[in-house]
Amino acid sequence: MRAVLCPGQGSRPQALLPGTETDFPGREPTRSDEVSRAVGRLVAQASGVCGLDLPELVRQSAESPDGDPLGTHAAQPLTVLVSLLSALRAELLVPAEDAQVAVAGPQPGTVVAGHSLGSVTALALAGALTPLEAVRLAAVRGRAMEPCCTADDGTRLGGMTAVVGGDREAVLAGIRAAGLTVANVNGAQQVVASGTFEAMARLVPPTRARLVPLEVAGPFHCPAMAGAAPALAQEVSTLPERPLMRPVVDDATGGLHPVGASSRVLLEALAGKLTAPVRWDLAQERLLALGTVEAVVLAPSRALAGLARRGLPGVGLTALG
């Protein structure tokens, strides 16, 4: 079994987006040329459906002297787009006749899973969403979540901290005692807490654990994100129901949604996941139980590849750039 893993907003893309590469006169077109043209089209079309000049936003971020990350409204559609571009290069998506891109057939023996925002990408790779629907849905999600991250004066309302190591029950108890929410259980040795900065200051790591503050735009996967749910649910309600072309492992439950299952259940779950914990530990356990021997982490792959190295022992790992 091969697993395709789709990263969330924590893996922010920092490189410039590729554009359309031109043909050279007198040379027969190759598949690489076709893919390059499809990449350029997808970048342009994605910018159109979410109303953002995504390449320009990345350039501005890269050139910023203080290195400020992109806002949530831009980072989310951009992350999904970069993941889809790497899937196109890896032949998980293929150029289609109507100037779009499409899922590259059922591909038996392949399962997909997405971490948080990566669930949207996973649904595109499973055929539940078109790539452009996925980028648009990520843009709606990001725009709805951004106001939940800051006060009226622009100050951030909270953040997230990883608790690495320690006894699991002691870690969970300490997070709750501080008034924080368990946002991610990423594996046996990493739990992420989310909430206000005041509560974060009260968090004391238990024995043999350490705290690692995360560079995120807000307190994700906690009650603070509840205000974003209606907009996301409304957007989901406009999407058609489709059968899954690839099996999907749910990042909230570790449950397996098989080929042929309806996309509706997974789509309608997205709004509730905004305030629910990501159980990546359960997702990885399911992947191992399925007999996964190879994992491909889509770009931007750094953070999720690290979790895969620790949580999928014995599985061959390819992290795409």
Side-chain angles (χ1 to χ4, degrees), residues 4 6-22 32-62 69-104 112 114-146 217 228 231-232 234-236 238-240 242 263 267 270 297-301 320-321:
V4 179
C6 309
Q9 187 179 347
S11 300
R12 291 192 306 272
Q14 297 294 339
L16 300 185
L17 285 174
T20 303
E21 295 162 22
T22 58
S32 178
D33 298 328
E34 185 182 15
V35 170
S36 294
R37 288 192 293 270
V39 164
R41 287 195 303 268
L42 185 54
V43 169
Q45 292 166 343
S47 291
V49 298
C50 64
L52 296 167
D53 186 341
L54 296 174
E56 180 58 28
L57 286 170
V58 177
R59 290 188 186 93
Q60 291 175 6
S61 177
L70 296 167
T72 296
H73 74 285
Q76 294 201 13
L78 181 62
T79 298
V80 169
L81 175 59
V82 167
S83 294
L84 293 174
L85 294 176
S86 69
L88 182 59
R89 294 288 190 185
E91 300 185 17
L92 295 161
L93 297 171
V94 294
E97 293 180 359
D98 58 357
Q100 302 284 335
V101 292
V103 175
V112 297
H115 188 287
S116 187
L117 171 66
S119 293
V120 176
T121 310
L123 287 172
L125 295 182
L129 298 170
T130 69
L132 292 182
E133 286 172 346
V135 173
R136 176 176 168 79
L137 187 59
V140 170
R141 187 181 188 272
R143 284 198 302 269
M145 291 173 66
E146 190 157 287
L232 185 57
Q234 172 59 34
E235 182 66 18
V236 163
T238 69
L239 296 168
R242 299 183 178 104
S263 62
L267 286 169
L270 290 174
V297 186
L298 299 182
S301 60
L320 300 182

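Position 1 is the first residue of the sequence, and the numbers go up from there. The structure displayed is predicted, hence computed values, not measured ones.
Classification of R242 and E133 as a salt-bridged pair holds, one side-chain N sitting under 4.0 Å from a carboxylate O. R136 has a carboxylate O that lies under 4.0 Å from a charged side-chain N of E235, or vice versa, which qualifies the two as a salt bridge.
Across every non-hydrogen atom of A122 and V112, the tightest pair is O-CG2, 3.7 Å. The two atoms that bring V120 and A134 nearest to each other are CG1-O, 3.4 Å, heavy atoms only. Of all heavy-atom pairs spanning S119 and L270, the tightest one is CB-CD2, 4.1 Å.
Rounding to the nearest 0.5 Å places CG of L267 at 9.5 Å from CG of L232. Atom-to-atom distance recorded for L92:CG and L84:CG is 10.5 Å, nearest 0.5 angstrom. Note that OG of S83 and CG of L88 are 12.5 Å apart. Values are rounded to the nearest 0.5 Å. Here T79 contributes atom OG1 and L298 contributes atom CG; the two are 12.0 Å apart, rounded to the nearest 0.5 Å. Rounding to the nearest 0.5 Å gives a distance of 7.5 Å between CZ of R143 and SG of C50. In this structure, the separation between CD on Q45 and CG on L132 is 5.0 Å, given to the nearest 0.5 Å.
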Show your working on side chain to side chain contact (heavy atoms under 4.5 Å, CB included) between L125 and C6 and close with a plain yes or no. CA-CA 9 Å; L125 295 182; C6 309; 3.9 Å; yes

Are L57 and L52 close enough, and set up right, to give a side chain to side chain contact (heavy atoms under 4.5 Å, CB included), and what steps lead you there? CA-CA 8 Å; L57 286 170; L52 296 167; 4.1 Å; yes

Applying side chain to side chain contact (heavy atoms under 4.5 Å, CB included) to L137 and L123, what does each step give before you reach the verdict? CA-CA 11 Å; L137 187 59; L123 287 172; 5.7 Å; no

For the pair V39 and R89, evaluate side chain to side chain contact (heavy atoms under 4.5 Å, CB included) and give the outcome as yes or no after the intermediate values. CA-CA 8 Å; V39 164; R89 294 288 190 185; 3.9 Å; yes

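No donor-acceptor pair under 3.5 Å is formed between the side chain of S116 and the backbone N or O of G8. A distance-only check finds no donor-acceptor pair linking the side chain of Q76 to the backbone of A139 [under 3.5 Å]. Formation of a donor-acceptor pair under 3.5 Å by the S86 side chain with backbone atoms of A299 is found in this model.
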